[in-house]
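Only one structure is covered here, and it is reproduced in the block below.
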Amino acid sequence: ACFGRAAQLPKGTDPGPELGDWECVAAGWWNQPDRLDRPLAAAGPAAWKRATASTAPSVVPRRLPAVQVTHVRQTDNAIRFRVSRPGVPVVVRTSYFPNWHATGAGGPWRLSPNLMVVVPTRHDVSLHFDRSGSEQFGGALTLLGVIGLGGLVGADLRRRRRRGATPGPGAPGPLAPATGPDPEGTAETV
């Protein structure tokens with residue numbers, strides 16, 4: 001729930017699980033169709049107008065110069081494109097996550113509802129998704145765990161093979177002759 005922020009959500013809106021400041025503002029924005037033409041950014045360059053959730057609807061939108069975005073190439077962890085005019089914000093229609101990094105642009109910054117916005121500083125812009133330090137550390141620990149598990153399984157297999165090839169003391173071999181008296185005299189010696 002948006003604790004202490006109930007006024008930001010429309011009446012009758014179920015706030016769902018506990019949300020952060022951005023989610024509360026974005027949820028209120030999303031639920032007001034007349035506001036959808038004014039995307040909200042969680043952060044941005046110092047020159048951008050700052051507004052609270054309650055004052056954002058009254059901010060007069062500023063018309064931006066036209067810009068063409070071409071040569072768009074996207075993979076799972078990279079986005080590249082070319083702009084006709086650096087300095088004009090470009091909406092990147094991919095879900096925002098802090099691990100995205102831009103080259104040739106400022107940002108990316110989170111844009112409502114959960115997109116990204118960048119401000120190109122060059123004609124060619126690229127965004128790439130990197131793993132965080134904790135993700136890399138976790139991946140390294142997982143790899144070490146798998147290697148350790150493989151070593152334990154290999155050592156156990158070698159131990160079992162050695163034990164099966166040479167019987168221990170007092171253990172009969174697989175073709176050991178019967179010993180001791182045969183009360184019925186039916187045993188054959190191999």
Side-chain angles (χ1 to χ4, degrees), residues 1-5 8-10 13 15-144 146:
C2 297
F3 296 113
R5 301 189 263 329
Q8 297 173 2
L9 293 175
T13 301
E18 183 175 337
L19 302 174
D21 289 339
W22 170 255
E23 287 83 8
C24 288
V25 171
W29 171 87
W30 185 253
N31 287 318
Q32 299 292 322
D34 59 323
R35 296 181 188 176
L36 297 180
D37 63 339
R38 299 182 202 171
L40 302 175
W48 285 7
K49 175 102 174 141
R50 301 304 195 247
T52 64
S54 59
T55 61
S58 64
V59 173
V60 177
R62 184 175 60 129
R63 178 139 331 275
L64 296 173
V67 62
Q68 290 184 341
V69 179
T70 58
H71 299 90
V72 178
R73 283 177 244 109
Q74 183 172 354
T75 64
D76 289 342
N77 61 351
I79 302 169
R80 298 182 198 290
F81 57 90
R82 183 166 178 77
V83 295
S84 60
R85 177 183 288 200
V88 178
V90 173
V91 175
V92 179
R93 297 189 181 274
T94 297
S95 289
Y96 172 83
F97 197 75
N99 291 18
W100 282 103
H101 301 281
T103 303
W109 296 285
R110 195 173 191 180
L111 188 71
S112 56
N114 195 39
L115 304 175
M116 295 185 284
V117 62
V118 296
V119 178
T121 57
R122 299 189 313 225
H123 289 284
D124 293 309
V125 177
S126 66
L127 287 95
H128 61 280
F129 189 88
D130 285 333
R131 289 185 172 183
S132 68
S134 57
E135 288 174 313
Q136 291 174 354
F137 181 68
L141 286 179
T142 300
L143 181 60
L144 286 173
V146 168

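In this structure, R110 CZ and F97 CZ are separated by 9.5 Å, a value rounded to the nearest 0.5 Å. Atom CG of L111 and atom CZ of R93 lie 8.5 Å apart (nearest 0.5 Å). Distance CH2/W109 to CG/L115: 15.5 Å, rounded to 0.5 Å. For the atom pair T70 OG1 and H123 NE2, the distance stands at 10.5 Å (nearest 0.5 Å).
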Taking it one step at a time, do V118 and W100 satisfy side chain to side chain contact (heavy atoms under 4.5 Å, CB included)?
CA-CA 11 Å; V118 296; W100 282 103; over 6 Å; no

Side chain to side chain contact (heavy atoms under 4.5 Å, CB included) between H101 and D130, worked out:
CA-CA 8 Å; H101 301 281; D130 285 333; 3.5 Å; yes

Applying side chain to side chain contact (heavy atoms under 4.5 Å, CB included) to V146 and L144, what does each step give before you reach the verdict?
CA-CA 5 Å; V146 168; L144 286 173; over 6 Å; no

Stepwise side chain to side chain contact (heavy atoms under 4.5 Å, CB included) test for I79 and V92:
CA-CA 9 Å; I79 302 169; V92 179; 3.8 Å; yes

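Looking at every heavy atom in both residues, G106 comes nearest to T121 through N-CG2, 4.2 Å. Heavy-atom minimum distance, A105 versus P120: CB-CA, 3.6 Å. The minimum heavy-atom distance linking Y96 with P108 is given by the pair CE1-O, 3.9 Å. Counting all heavy atoms, side chain and backbone alike, G107 lies closest to A102 at O-CB, 3.6 Å. V125 and G104 get closest at one heavy-atom pair: CG2-O, 3.6 Å.
Remark: V72 pairs with V69, F81 by the side-chain contact (heavy atoms from CB on, under 4.5 Å) rule, at least two apart or across chains. Listed by chain and residue number, D124 satisfy the salt bridge (charged side-chain N to carboxylate O under 4.0 Å, His left out) test with R82 (two or more places apart in sequence, or in another chain).
Looking only at side-chain heavy atoms (C-beta outward), T94 and Q74 come within less than 4.5 Å of each other. Residues R80 and S126 are in side-chain contact: their nearest non-hydrogen atoms beyond the backbone lie under 4.5 Å apart.
Although no hydrogens or angles enter the test, the distance criterion places no donor-acceptor pair under 3.5 Å between the side chain of Q136 and the main chain of G133. No donor-acceptor pair closer than 3.5 Å links the side chain of R85 to the backbone N or O of V83.
By the 6.0 Å contact criterion, CZ on F137 is open, its count of non-hydrogen atoms from other residues, nucleotides or ligands being 12 or less. Annotation: R131, atom CZ; neighbour count of heavy atoms from other residues, nucleotides and ligands within 6.0 Å does not exceed 12.
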